[in-house]
Amino acid sequence: MRTTFLRRGRLCLILATTIALASCAGKSRDGASATPGGQATQYTQPAKATAAIDRVTWALRSEPTTLDSGRAVGGDSWSVLANVCESLVYQQPDGRTVPALAESVSRPDDRTYVFTLRHGVRFFDGKLVTAEDVVFSLNRSRNPETGSFFAGYTDRVSSIEKTGADQITIKLSKPDAIFYQMLSTPLGHILQKSYTQSRGTAYGTATGGVMCTGAYRVEDWRKGDSITLEPNPDWWNRANRPQLTQQAKFVFLSDGSTLTSALLNGDVDGTFFPAATAIPRLKQSTDGTVYFGPSSLLHSLVVAHSGGILADPKLRQAVAEIIDYKGIVRTAFQSAAEPLRAIAPPGSWGTQQAVYRPAYDALRQPEQDLDGARRLILESGVTNPALTLAVPGWLPEYRTFGETFQSDARKAGLTVKLQLLQKADFLALFGDKSARAKVDLFYTDYFASIPDPTELYTQLGTGGGSINYSGYRNAEVTQLLEQARATADDAQRAELTVKAQGLIMKDRPWIPFASPYQLLYLNKRLGGAVNRSPAFMYWPWLPDVGKR
Amino acid sequence: MLRFLARRLTGSAVALLVSSFGVFGAMYLAPGDPVSFLIGNRGSTPELRAALRSQYRLDDPFLERYWRWLGSAVQGQFGESLLQRQSVSGLISARLATTAWLVALAFIVAVAVGVCVGVAAGRWPRRLLDDAVSVAVSASIATPAFVSAVLLISLFAVGTGWFPVFGSGSGSVVGRLHHLALPAVSLAIGWWALIAQTTRASIRSELGKEHVETALARGLSSGQVFRRHVLRNALIPISTSGGLTLAGLIAGTAIVETAFQLDGVGGLLISAVSGRDFPVVQAVVLLLVVAFALVNTAVDVLYTVLDPRVRLGSAA
């Protein structure tokens, strides 16, 4: 997860910004690879690695609280876990779900999945993976007592059972194409039953350890300092994908300016999370390169509840027209983002570009239109319209967004009361209805969990969805998404979701404005890292990192 | 002496109890909980939140939680970190070495630089040196540690590449010194100035005293007078500010350890506070209170060594 505003240092970020600005002020800004807002995206990919490398230092923005697949939340822990634990299926960087620990998957009917285990896969301790381990792991993920972030995705699972020596059958109460794809996330990680049970709540901690089957195993976890991974000599996929990185040390650099300095002087070789404010400085580095990749990241305003003046669709549209899309992309994201037309960004379309692209291009251009907004506000008939917008107060770029929006809104005849919230108050908006009742709109960044917009739209567009903050309901949308969720064929599902997307973008429960590119910084001696989200959180990417 | 120590001990225990209750209360009243910190802005169902809250026992009444915590703390058990699921004492002890190294190095830097500069400025007043010291002192006091940290990193880690940007360099002493040099300087910057100021002021006032003039009039060499009559008497205020400095350095580790991403106790405190990890915050704060109490006691004892006229009973 690159939930940027949750991960950064506070005060130091201001400094990082100042220094980043100061350091590029004197020099000409060529911006050669930056894409001018809204135009065709130019992604850059690192060269392939050609040789093994002894040691790589990789930066995370915070120390994982745990490497227990059932409890870990967020891009930091997931990007490490992707190399340590595996599921029955992989999510390939291109978005396709393919068998991994399962050798084959069959679907005798639309509510049954039968997995045949791959032969001879071993845990780190050398023991073979059994059907019992798989049943245990999947049931553990869906057990509410585990407290897995992903448990909500298993609501249609009625049973997970061993149906043969190396066969597991999952039965669903209703067809669910999302669940199958979600199996590629930590939801589906296969842990060793005996080990996990014996460690209890210590499983996944620095002392309790991890027992999976992945390309790397945790060699050392020095609390507060680093996590070191080393290749798993028994990895089943070793012949196809030799582990080029011989040792990876993950360090935790929550402070944006420290991270930038460490990348520049070579103390750190790479990261998926360079601060956007540091992009100009990193671009000028002669020791490494910033790459821009497709991402499922999005930044959006979210309607906080169903009441208030934003109950009027005209005013929600006015909000969308007040946003200075190009300005925010240029300033807050240093042009490493694109203005967004729909909530699901292009990087989340997966294999269904052909369906999503034309529908996306047909949506309203993400451009500021203050005259249009003023007209809409007049048409709404609300006298002296005013609303409250909450933004994370401790991060300058977000604050700047809020202030810009406020002054643009005034020009269009809308009064915006800006609330710059402290972290705890801000986070409360996501879990506490009464906190949301005090504001009309709030800022969020987010990313689609899988490269299939059906998931994102189901979560925010149907009743009971985990990010449907305003209690948004539209019977037609619900029906379309329900149908999409039940459709196994990828293209047909995309067709249904696109229709729902069109309706949702009229109703605007979220008002998206930018999709930052997935950033990757790599030292020049390295190549081969995946530069795509959400792939880097689920796909074992470390084996491919090596000398270029 | 014993009575003095007993009194100190009781005082410290009361301070510990009060501060533990204060911190617990503040953490309880502050908005936010570990659950929302864990999940962040990822969507979550009310069921998941409820499950996590009950796992962490966050719904128990305040006094019950405090009482439970106090009960085990008295037995030396500080419980388990909510976020890390590891014993708090284990988390802290793994990080003590880094913080101890950092504070010790910074203390040496602050005292060595502060006393030398202060003595020089005090002995030869109204010269260029004195003015330069005044400017440097003001600049240092006005520079917060997080600013000096960023400056030091960009000058000596990114610019020259002499020092690493982050990390505490466990293992060899050389590795430690190499990694902790910049953090120690950054931590010491505000404090050497305090010591220099105190030293200069107390040396000046000693220099003007009658007994110094008498000693000089009796033909003792100025060096001898300075060492035996001026410096010795000046050491009492200097040691007070030394104690103050030590306490300040310990508190300052939180900022410096975060800026240099060191695996110390201060950094642990910062992450625990923002994650609302009650047991860790409590234990670290108690550790700080104990450290302050120890430093104060040590300074008081030091007075009696420096000046036999001071009795502990009256000094306390």
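Below, all heavy atoms of this structure are taken into account, side chains as well, without hydrogens, waters or symmetry copies. Note on naming: letters A, B, ... go to the chains in the order of the sequence lines (proteins, then strands), and numbering restarts at 1 for each one.
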Which answer fits [X], side chain, backbone, both or neither, if we ask what part of it has an atom under 4.5 Å from a heavy atom of chain B?
X	result
A/S148	backbone
A/A428	neither
A/F252	backbone
A/Q459	neither
A/T207	both
A/A206	both

Could you check whether any side-chain N or O of [X] sits under 3.5 Å from a backbone N or O of [Y], counting only pairs where one atom can act as donor and the other as acceptor?
X	Y	result
A/T258	B/A259	yes
B/Q261	A/S254	yes
A/D267	B/P164	no

State the [atom1]-[atom2] distance between [X] and [Y], to the nearest 0.5 angstrom.
X	Y	atom1	atom2	result
A/S261	B/F156	OG	CZ	13.5 Å
B/S93	A/K223	OG	NZ	12.5 Å
A/N265	B/F166	CG	CZ	8.5 Å
B/I153	A/S257	CD1	OG	6.0 Å
B/R85	A/R199	CZ	CZ	15.5 Å
B/T258	A/L253	OG1	CG	12.0 Å

Most heavy-atom pairs under 4.5 angstrom with chain A, which of B/A94, B/A157, B/A149?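 Top option by heavy-atom pairs under 4.5 Å: B/A157.
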For the interface with chain A, which of B/E80, B/E257, B/R49 has the highest count of heavy-atom pairs at distances below 4.5 Å?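 Option with the top pair count is B/R49.
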Interchain contact, B/L91 with chain A, by part (heavy-atom threshold 4.5 Å):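 It is the side chain, since no backbone atom gets that close.
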Is B/R95 close to chain A through its backbone or its side chain, or both, or neither, when contacts mean heavy atoms under 4.5 Å?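 Just its side chain gets close to chain A.
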Provide the closest heavy-atom pair for [X] versus [Y] in the form atom of the first, atom of the second, distance.
X	Y	value
A/T65	B/L83	CB-O, 3.4 Å
B/A51	A/P144	CB-O, 3.5 Å
A/P64	B/Q84	O-OE1, 4.5 Å

As an exercise: rank A/I467, A/T66, A/V251 by heavy-atom pairs under 4.5 Å with chain B and give me the winner.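 Most pairs with chain B among the choices: A/V251.
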